[in-house]
Amino acid sequence: MYCSNCGNKLKEKDSYCTNCGIKIETENQKYDQAKQENQTKVTKNNNGNTSLILGIISCIIFWLPYVSIPLAIISIILGKNYKKETGSKATGSILGMISLILSIIEIILIVVCMLFFIDYTNNQWDWEESIEESIIEKYHNYWDETEESFDIKGYSWIGEDSSVLYLNKDNSYTWYQSDTIHDDNFYTGNYEVYTGIDAINYITDNLKEYGMTEEEQKSIFQNSEYELDDYYLLILNCRKIVINGVEQVPQKPQLIYYGLYDETGKSLALVDINTKKKEMFTLKEKLNSIDL
């Protein structure tokens, strides 16, 4: 074996030339060195290829940021390693940057949309609550407002059977079988009148035994031209009955009627709360002080 530099004859085990001092490389050493260089080159190429593949994938699925962002970051790192080893720019690294930017923009848009949706939802709830509160307030105002009802006191009322009911201003009443005879066949006593919400509350709170609920009474006004102030409760407390000239003990010391007043027809459509019998009274005339 001879030195490749100076041609000096070498021994088989010499590592350096005894003449020029150059290091002697054997075929095995050259093979190992070539193999190592090839492995390094393969590693560099793998970094570049992997960076490119991950960059492409991250760009395709950028709309899945929880997947695309990690892939983009790995692509950028591998691309930078490839650049350091080869001095060449890695396309995968550029694609990874593009994917990373797109994913971040998407996250920002998602957050903005979520904030907008939350704000819109809150405003929608506030609007619905406002409408609901307005309806409730309007409903309560309808039932709670005290409107002026027609005062049925101080008038006489003629019934369908031609009987006449005198409702005097001093809360006394007389119910005559005929308006032509005032000394026989009549009921007399005192009376109470409640209108509107007062009538509803009195029946609900003080006449519970008749089982009329507030809702049942209010249903009278649903789909009707009548208003709250048209609703009446008339309680007749009988103190004296004269039939055919004979005074008798009242079998029903209290007659209770509820119903509606018709302003147009000047009439009272009343229902006996006990028997559910309907009575219709029409305004006859205003009572003078002499009638009281």
Side-chain angles (χ1 to χ4, degrees), residues 146-214 216-218 220-221 226 228-292:
T146 303
E147 299 182 12
E148 185 176 352
S149 301
F150 176 74
D151 189 0
I152 64 176
K153 293 181 180 181
Y155 290 90
S156 59
W157 300 82
I158 185 168
E160 291 179 304
D161 59 355
S162 298
S163 62
V164 179
L165 176 63
Y166 281 74
L167 298 177
N168 302 317
K169 290 185 177 181
D170 63 354
N171 288 92
S172 64
Y173 82 91
T174 306
W175 195 347
Y176 298 104
Q177 183 178 5
S178 172
D179 201 25
T180 59
I181 302 174
H182 284 192
D183 59 356
D184 197 4
N185 298 322
F186 62 85
Y187 296 75
T188 187
N190 57 65
Y191 68 94
E192 304 170 53
V193 175
Y194 301 91
T195 60
I197 193 65
D198 293 333
I200 292 176
N201 290 338
Y202 191 94
I203 292 176
T204 303
D205 299 335
N206 301 317
L207 300 175
K208 295 180 180 180
E209 64 271 21
Y210 295 101
M212 284 193 66
T213 63
E214 180 179 347
E216 183 180 353
Q217 295 179 77
K218 289 179 179 178
I220 297 175
F221 304 98
Y226 291 101
L228 178 61
D229 58 319
D230 296 326
Y231 188 62
Y232 283 76
L233 172 65
L234 176 62
I235 301 176
L236 302 178
N237 299 304
C238 187
R239 298 288 179 264
K240 180 180 178 181
I241 298 178
V242 176
I243 302 295
N244 296 327
V246 179
E247 184 174 340
Q248 301 180 8
V249 177
Q251 295 181 352
K252 295 181 178 179
Q254 191 176 66
L255 299 176
I256 303 173
Y257 295 94
Y258 68 92
L260 299 168
Y261 174 70
D262 183 3
E263 176 66 28
T264 303
K266 303 297 181 183
S267 61
L268 275 171
L270 300 178
V271 178
D272 188 320
I273 198 171
N274 187 28
T275 64
K276 303 302 179 181
K277 180 182 178 181
K278 295 182 180 180
E279 300 278 357
M280 178 66 74
F281 294 91
T282 304
L283 183 64
K284 184 174 182 290
E285 60 183 353
K286 188 173 183 179
L287 300 177
N288 299 319
S289 58
I290 190 172
D291 298 318
L292 302 179

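Put simply, the side chain of Y231 reaches to within 4.5 Å of the side chain of L260, judged on heavy atoms. Within the 4.5 Å cutoff, no side-chain heavy atoms of Y257 are placed close to those of Y232. The side-chain heavy atoms of L234 and L165, taken from C-beta on, include a pair separated by under 4.5 Å.
The distance from atom CG of L228 to atom CD1 of I200, rounded to the nearest 0.5 Å, is 5.5 Å. Here L268 contributes atom CG and I152 contributes atom CD1; the two are 5.5 Å apart, rounded to the nearest 0.5 Å. To the nearest 0.5 Å, the span separating CG on N171 from CD1 on I235 amounts to 11.5 Å. Once rounded to the nearest 0.5 Å, the distance linking CD of E214 with CD1 of I197 reads 6.0 Å. The OG atom of S162 lies 10.0 Å from the CD atom of Q177; values are rounded to the nearest 0.5 Å. Summarising the geometry, atom CG belonging to L207 is positioned 11.5 Å from atom CG belonging to N201; distances are rounded to the nearest 0.5 Å.
For T213, the side-chain hydrogen bond (donor to acceptor under 3.5 Å, both in side chains) criterion is met by no residue, not counting sequence neighbours. F150 pairs by the ring-ring contact (aromatic ring centres under 6.0 Å, His included) definition with Y155, Y261, not counting sequence neighbours. Partners of T264 under the side-chain hydrogen bond (donor to acceptor under 3.5 Å, both in side chains) rule, at least two apart in sequence or in another chain, do not exist in this structure. With sequence neighbours excluded, no residue forms a side-chain hydrogen bond (donor to acceptor under 3.5 Å, both in side chains) with S267.
For residues 258-267, every residue pair satisfying the salt bridge (Lys or Arg N to Asp or Glu O under 4.0 Å) rule, not counting sequence neighbours, is listed here: E263-K266. Legend: side-chain hydrogen bond (donor to acceptor under 3.5 Å, both in side chains) pairs involving residues 202-212, not counting sequence neighbours, sorted by first then second residue: T204-Q217. Listed by first and then second residue, the salt bridge (Lys or Arg N to Asp or Glu O under 4.0 Å) pairs involving residues 176-191 are D179-K284 (not counting sequence neighbours).
One N or O on the side chain of T188 and one on the backbone of Y173 form a donor-acceptor pair closer than 3.5 Å. For Y191 (side chain) and N168 (main-chain N/O), a donor-acceptor pair under 3.5 Å exists by modelled atom type. No donor-acceptor pair under 3.5 Å is formed between the side chain of D198 and the backbone N or O of Y194.
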### Task
Evaluate side chain to side chain contact (heavy atoms under 4.5 Å, CB included) for I220 paired with Y226, printing each intermediate quantity in order.
CA-CA 9 Å; I220 297 175; Y226 291 101; over 6 Å; no
### Query
Could you go step by step and tell me if D229 and T195 meet the side chain to side chain contact (heavy atoms under 4.5 Å, CB included) rule?
CA-CA 6 Å; D229 58 319; T195 60; over 6 Å; no
Side-chain donor-acceptor pairs under 3.5 Å in residues 273-282, sequence neighbours left out?
from	atom 1	to	atom 2	distance (Å)
T275	OG1	D272	OD2	3.4
T275	OG1	K277	N	3.3

Cut-off 3.5 Å, no hydrogens considered: what does the side-chain donor-acceptor table look like for residues 236-252, sequence neighbours left out?
from	atom 1	to	atom 2	distance (Å)
N237	OD1	Q254	NE2	2.9
N237	ND2	N190	OD1	3.1
N237	ND2	E192	OE2	3.3

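Of all non-hydrogen atoms in Y166 and H182, the two that sit nearest each other are OH-CE1, 3.6 Å.
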